[in-house]
Amino acid sequence: MLFPTAAFACFFVVAFTANWLLRPSYRLWRAVMLGMSLWFYGVAEPRMVLLLVGSAVLNWVFGQAVAAARRREGGQRSPESAAIVRGAVATNLVVLGIFKYYGFFVGAVTDLANRIGLGLNPPLVELLLPVGVSFFTFHAISYVIDIGRGEPEPMRLGDFAL
């Protein structure tokens with residue numbers, strides 16, 4: 001859904017009105033806003049909603065694990081909490097790399113192999129680049145790192161996903 005369209009204008013009016021009216025009921029507001037956010041994200045490609053939800057759940061779990069490791073050490077950093085943070089960062093960067101750089105790396109390896117005479121012709125899978133993948137990936141990384149530092153308390157899943 002492009003921003004300068006009538007469809008977006010209608011969606012915006014509905015979302016804004018729902019936001020305004022449901023704000024006093026936090027749980028209902030959060031559920032409706034999360035549903036509208038996922039619907040808006042999925043309009044372009046519904047399968048990408050699975051990536052967004054998967055990323056949110058995975059990083060929330062990482063955050064919970066880091067917080068639990070810190071609690072076991074009296075609220076201090078520990079080798080376990082640091083390892084979980086490193087694992088979260090690595091996992092997120094791999095996912096980001098797959099979506100943003102898969103075609104580039106396959107093309108570069110194929111070109112190199114062909115230059116040295118290997119005649120490599122791997123099947124190239126066309127991956128659709130999700131809108132905002134870098135934004136939500138780096139936001140999730142910063143959340144897990146901040147919990148590793150002991151700055152915020154872990155959020156509830158619904159709040160983190162929203």
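By convention here, the first residue in the shown sequence is residue 1.
Although no hydrogens or angles enter the test, the distance criterion places a donor-acceptor pair under 3.5 Å between the side chain of N92 and the main chain of A88. The main-chain N or O of G148 is found under 3.5 Å from a side-chain atom of R70 such that the two form a donor-acceptor pair. No donor-acceptor pair closer than 3.5 Å links the side chain of S25 to the backbone N or O of L22. S81 contributes no side-chain N or O that, together with a main-chain N or O of R77, makes up a donor-acceptor pair within less than 3.5 Å. In terms of modelled atom types and a separation under 3.5 Å, the side chain of S55 and the main chain of L51 share no donor-acceptor contact. For W60 (side chain) and M155 (main-chain N/O), a donor-acceptor pair under 3.5 Å exists by modelled atom type.
Contact annotation: the side chain of F3 never approaches that of F12 to less than 4.5 Å [non-hydrogen atoms, C-beta and beyond]. Side-chain contact between S78 and R72: absent, with no pair of heavy atoms (C-beta onward) separated by less than 4.5 Å. Side-chain atoms of M48 and V133, non-hydrogen and from C-beta on, never get closer than 4.5 Å to each other. Here the side chains of F99 and T137 are not in contact, with every heavy-atom distance at 4.5 Å or above.
Taking hydrophobic clusters as Ile, Leu, Val, Met, Phe, Trp and Tyr residues chained together by side-chain heavy-atom distances below 4.5 Å, M36 shares a cluster with W20. Tracing side-chain contacts under 4.5 Å through hydrophobic residues (I, L, V, M, F, W, Y), one reaches F16 starting from M33; they form part of the same cluster. Transitive grouping of hydrophobic side chains (ILVMFWY, heavy atoms separated by less than 4.5 Å) brings V57 and I147 into a common cluster. Hydrophobic clustering of Ile, Leu, Val, Met, Phe, Trp and Tyr side chains at less than 4.5 Å, counting indirect connections, unites V49 with W39.
Distance check: L28 CG to R30 CZ gives 10.5 Å after rounding to the nearest 0.5 Å. Atom CG of L93 sits about 10.5 Å away from atom OH of Y101, to the nearest 0.5 Å.
For the residue pair Q64 and P154, the shortest heavy atom distance occurs at NE2-CB, 3.3 Å. The minimum heavy-atom distance linking I84 with A69 is given by the pair CD1-CB, 4.2 Å. Nearest approach of A18 to V32, heavy atoms of both residues: CB-CG1, 4.2 Å.
Pairs engaging residues 140-162 under the ring pair (Phe, Tyr, Trp, His ring centres under 6.0 Å) rule: Y143-F160 [sequence neighbours left out].
L162 pairs with exactly one of L157, L38, L34 by the side chain to side chain contact (heavy atoms under 4.5 Å, CB included) rule, that one being L34.
Residues satisfying the ring pair (Phe, Tyr, Trp, His ring centres under 6.0 Å) criterion with F138, sequence neighbours excluded, are absent altogether. Qualifying ring pair (Phe, Tyr, Trp, His ring centres under 6.0 Å) partners for W29, counting only residues two or more places apart in sequence or in other chains: Y26.
Taking a 6.0 Å sphere around CD of E153, one finds it holds 12 or fewer heavy atoms contributed by other residues, nucleotides or ligands.
Ring geometry, F8 versus F11: the interplanar angle falls from 30° to 60°, so the pair is classed tilted.
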